[in-house]
Amino acid sequence: MLDSQALRSDIESVARRLAARSFSLDVAGFRAIEEERKAVQVHTQELQAVRNQFAKRIGQAKSKGEDVAELMAESGRANAELAELEKRLEGIQQRLQDFMLGVPNVPHESVPPGNSPADNREIRKSGTPRALGFAARDHVHIGERLRLLDFGSATKIAGARFVLMKGLLARLHRAIAQFMLDVHTQEHGYTEVYVPYLVNAESMRGTGQLPKFEADLFAVPRGEEGKFYLIPTAEVPVTNIVRDEIVPLESLPLKFVCHSPCFRSEAGSYGKDTRGMIRQHQFDKVELVQIVHPQDSYQQLEQLTSHAEEILKRLELPYRVVALCTGDIGFSAAKTYDIEVWLPGQSAYREISSCSNFEAFQARRMQARFRGEKGKPELVHTLNGSGLAVGRTLVAIMENYQRADCGIDIPLVLQPYMGNLKAIEPPP
RNA sequence: GGAGAGGUGACGGAGCGGUUGAACGUGCCGGUCUCGAAAACCGGAAUACGCGCAAGCGUAUCGUGGGUUCGAAUCCCACCCUCUCCGCCA
């Protein structure tokens, strides 16, 4: 959510910056509601003051034993109008709130302008795709040849966009997550957290998934009309740790890492990435979350991104870092770096991590604050990034470390997590 | 799921339906005293929003939402959460 003060004082420049991400801010609409709000609120508060004065006088008169019938009658009359106004004000404020919740974040000035992924800017590249000496197969071919990747069973059990892994491949998947957690907790200073995978609507609103993107979520009914939502990323429960909190200045930055499953309905992605386990309803991810002092957030974004990159470096997977353009950044983000890993099976770089600074956008929704240098509560800045998506990392390893016989060499750093196994061999 | 107790400011803890944004204590900040500190004493301190150039004034907030009332932290209803006991359970 944006600062409503900023919208009031300089809506034109906000609208201009939002236009860069092809969001057209309803300036006239906002002004109209805002004008109405002002008039109604001022009048309401005046009448409330009158009511309070009457109540006070009645109390005083009563304590002196005076007759208050006249005062009470007068007060009652004044209150009739008040009740109506209060109701109207509530409606206006609700509309204003709904409006604000639907406005995306303003891109940071360093975000490259553009309308489509084609305008994203490559920032740096690391590693070079190794020469295989044979035609690269994709992970589906390799996994099925190894009989360790079973899409048929997953489809039978659940449906499309699910996968079932077996044996050493399931173990490799687990090893990848363990490795990531160890690096981030032991070397990058993150505190590991285990969190609920089902969350309430307030949490989803806090990080920006609701109210706009309900269709992307899985919901579980609960009680009369309540519901839980399955987390689409650990970002949601982890960031909401600080919702409605005032954290002490000295505890910043808070750095959390969380391995969790992620559930996405992938509504609107029909036909995209239908082959393999690139786009699934359920996948594992190791997520990095930082809660920081506003003045540090862009520096921390660079740091957080480098933490994610470090995993790819140690796995010796070629990748590049891309700054998303204004038209491609997510709803809540002010700036985003995508990290894309090289997939020989597709001869392409594919997203494996997305690292974003949300500035105060999520913090304002969550009322996540710290007590500033002057002793006043101020909004924190929030950041997060995948460090990394586990399933896609597995895909990248399968494709980059494939051998001619469809065996997979195990990256050196993962061997200790695999009982020192050096490779997964194909069955005869 | 059943029975009971409870949710008040940073914390502990008061609070007859009426000058209560909320006693008292602890903690915090400033000051006096002191060579300095402690103690003691004095003073100051909530959050959000609105109007205003400002000083300031106003409104809201005692788990949440409704209701009763001229007036609700105080009364009524619903819900949420916490704790204790019972049942069930990985």
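The sequence lines fix the lettering, A, B, ..., with proteins before strands; numbering per chain opens at 1. Every value quoted in this text rests on a predicted model; they were computed, and no experiment measured them.
Put simply, CD1 on A/Ile246 is 12 Å from P on B/rG9, counting in whole angstrom units. Taking atom CG of residue A/Leu249 and atom C1' of nucleotide B/rC28, one finds them 16 Å apart after rounding to whole Å. As a whole-Å value, the separation of A/Leu7 CG from B/rG50 P is 13 Å. Rounded to whole angstrom, the span from the CG atom of A/Leu71 across to the P atom of B/rG71 amounts to 13 Å. The CZ-P distance, from A/Phe54 to B/rG17, rounds to 25 Å in whole Å. Between the CD atom of A/Glu35 and the P atom of B/rC51 there is a distance of 12 Å, rounded to whole Å. The distance from atom CZ of A/Arg365 to atom C1' of B/rA48 is 19 Å, rounded to the nearest whole Å. Nucleotide B/rC49 holds its C1' atom 15 Å from the CD1 atom of A/Ile92, rounded to whole Å.
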Point to revise | Base versus backbone protein contacts along nucleotides 56-67 of chain B [heavy-atom cut-off under 4.0 Å; B, S, -] | key: --BSS-------
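Counting heavy atoms from C-beta on, the side chains of A/Lys285 and A/Thr233 come closer than 4.5 Å. Contact annotation: the side chain of A/Phe358 never approaches that of A/Thr239 to less than 4.5 Å [non-hydrogen atoms, C-beta and beyond]. Residues A/Gln300 and A/His381 fail the side-chain proximity criterion, which asks for heavy atoms closer than 4.5 Å.
Relative ring orientation between A/His293 and A/Phe370 is described as tilted, the plane-to-plane angle lying within the 30° to 60° band. Note: A/Tyr190 and A/His184 have perpendicular aromatic rings, judged against thresholds of 30 and 60 degrees for the angle between ring planes.
Taking the C1' atoms as reference points, B/rG31 lies 49 Å from B/rU68, given to the whole Å. A gap of 28 Å separates the P atoms of B/rU61 and B/rA5, to the nearest Å. Rounded to whole Å, the separation between the P atoms of B/rA78 and B/rA3 comes to 13 Å. B/rU19 and B/rG6 have their P atoms separated by 25 Å, given to the nearest Å. Nucleotides B/rG21 and B/rC76 have their C1' atoms positioned 25 Å apart, rounded to a whole Å. As rounded to the nearest Å, B/rU26 and B/rU34 have C1' atoms that lie 25 Å from one another. Nucleotides B/rC42 and B/rA46 have their C1' atoms positioned 22 Å apart, rounded to a whole Å. For the P atoms, the distance from B/rC33 to B/rC49 is 41 Å, rounded to whole Å.
In this structure, of B/rU19, B/rC70, B/rC51, it is B/rU19 that holds the atom nearest to the side chain of A/Gln60. Nearest nucleotide to the A/Lys56 side chain, out of B/rU19, B/rU47, B/rG18: B/rU19.
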Exercise for review: Applying side chain to side chain contact (heavy atoms under 4.5 Å, CB included), run through A/Leu421 and A/Leu172 and close with a yes or a no.
Suggested key: CA-CA 10 Å; A/Leu421 199 69; A/Leu172 183 57; over 6 Å; no
Practice item. Just do the side chain to side chain contact (heavy atoms under 4.5 Å, CB included) check on A/Tyr319 and A/Ile352 with the steps written out, would you? Key: CA-CA 9 Å; A/Tyr319 70 88; A/Ile352 197 167; 6.0 Å; no
Exercise for review: Could you go through the side-chain hydrogen bond (donor to acceptor under 3.5 Å, both in side chains) check for A/Gln178 and A/Asp182 one step at a time?
Suggested key: CA-CA 6 Å; A/Gln178 297 303 316; A/Asp182 284 347; over 6 Å; no
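Between A/Asn79 and A/Gln5, the one whose closest nucleotide on RNA chain B sits nearer the 5' end is A/Gln5. Each of A/Glu34 and A/Met72 lies near RNA chain B, and the nucleotide nearest A/Glu34 is the one positioned closer to the 5' end.
The pair A/Arg95-A/Glu36 counts as a salt bridge, with a side-chain nitrogen and a carboxylate oxygen less than 4.0 angstrom apart. With respect to the salt-bridge test (charged N to carboxylate O, under 4.0 angstrom), the residues A/Glu399 and A/Arg350 do not qualify.
Distances shorter than 4.0 Å separate none of the side-chain N or O atoms of A/Arg364 from OP1 or OP2 on B/rA48. Within the 4.0 Å cut-off from OP1 or OP2 of B/rC80, not a single side-chain nitrogen or oxygen of A/Asn200 is found.
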Review point. Please, what dot-bracket string fits RNA chain B when only Watson-Crick and G-U pairs with both distances under 3.5 Å count, crossing ones use [ ] and pairs to another strand use |?
Key: ((((((((.[[[..)..(.....]]].(((((.......))))).((((((....)))))).[[[[[..)....]]]]])))))))....
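Contact annotation for A/Arg37: backbone-only contact, meaning every heavy-atom pair under 4.0 Å involves sugar-phosphate atoms and none involves a base.
Here the rule is side-chain contact (heavy atoms from CB on, under 4.5 Å) with A/Leu252, and of A/Val292, A/Asp296, A/Val247 only A/Val247 fits it.
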